[in-house]
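To keep things clear, I will list the structure first and then write my remarks on it.
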Amino acid sequence: MPFLTPDDYLSSVLVIEPRELYDRGFRVVLLDVDNTLVSRETKVLSPEVIAWISKLKKQGLKLCLVSNNWHKTVFKYAAELGIPIVYKAMKPMPFAFIRGAKKAGIIRGEKVVVVGDQIVTDVCGAHLFGAYAILVRPLAVKDLWYTLLFRKLEGWLLKDVKPRK
Ligand SMILES: [Mg+2]
């Protein structure tokens with residue numbers, strides 16, 4: 001199922017090289033928040049993730065957070081990282097990615113990459129929007145009950161698939 005198949009599957013955002021994304025032609029990075037950048041267990045941004053975001057910026061990549069979370073707490077993370085956010089995104093609907101790309105400052109024709117920990121919302125939504133989709137392993141096992149249901153489907157889709165690095 002091409003819509004549900006990630007273009008790349010990695011162990012964490014931290015193994016994504018900003019330079020490599022840039023060299024491959026990507027200019028806009030749309031990032032999921034929960035269990036991609038922030039663990040649902042600790043609920044804090046780690047110094048490593050903060051440093052990685054700053055590397056993306058230094059590389060000249062344009063960023064926006066795109067989160068299905070409807071709690072205002074996600075604004076705290078956006079403020080801490082100094083990047084815009086679209087919340088209540090209703091992924092996999094592609095509209096929030098369109099808004100996110102605009103908020104990031106996309107120029108027509110620029111290539112977009114979406115990074116997230118869920119196939120059903122992040123990967124499927126990225127593909128509906130026409131972006132490249134990087135799936136990362138969730139930062140925590142803890143998640144919302146319906147996300148855990150989707151994880152069962154993901155487990156089946158990812159059986160025998162290991163993160164590339
Ligand atoms: Mg997530």
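Just so you know, ligand 1 is whichever comes first in the structure, and atom 1 is the first atom listed for that ligand.
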Excluding M93, membership of its hydrophobic cluster (Ile, Leu, Val, Met, Phe, Trp, Tyr; side-chain heavy atoms within less than 4.5 Å) reads M90, F95
Here the pair of heavy atoms bringing D7 nearest to A133 is OD2-N, 2.7 Å
* Asked: Can a cation-pi geometry be assigned to R24 and Y132, taking NZ or CZ under 6.0 Å from the six-membered ring centre and within 45° of the ring axis?
  -> yes
* Mark yes or no for whether Y77, through its side chain, and L65, through its backbone, hold a donor-acceptor pair below 3.5 Å. => no
Student check: side-chain heavy atoms of R137 and P163 closer than 4.5 Å:
yes
Near the Mg ion (ligand 1), protein N/O/S count under 2.8 Å comes to 3
Would R27 pass as a cation-pi partner of Y22, given that its NZ or CZ must be under 6.0 Å from the six-membered ring centre and within 45 degrees of the axis?
yes
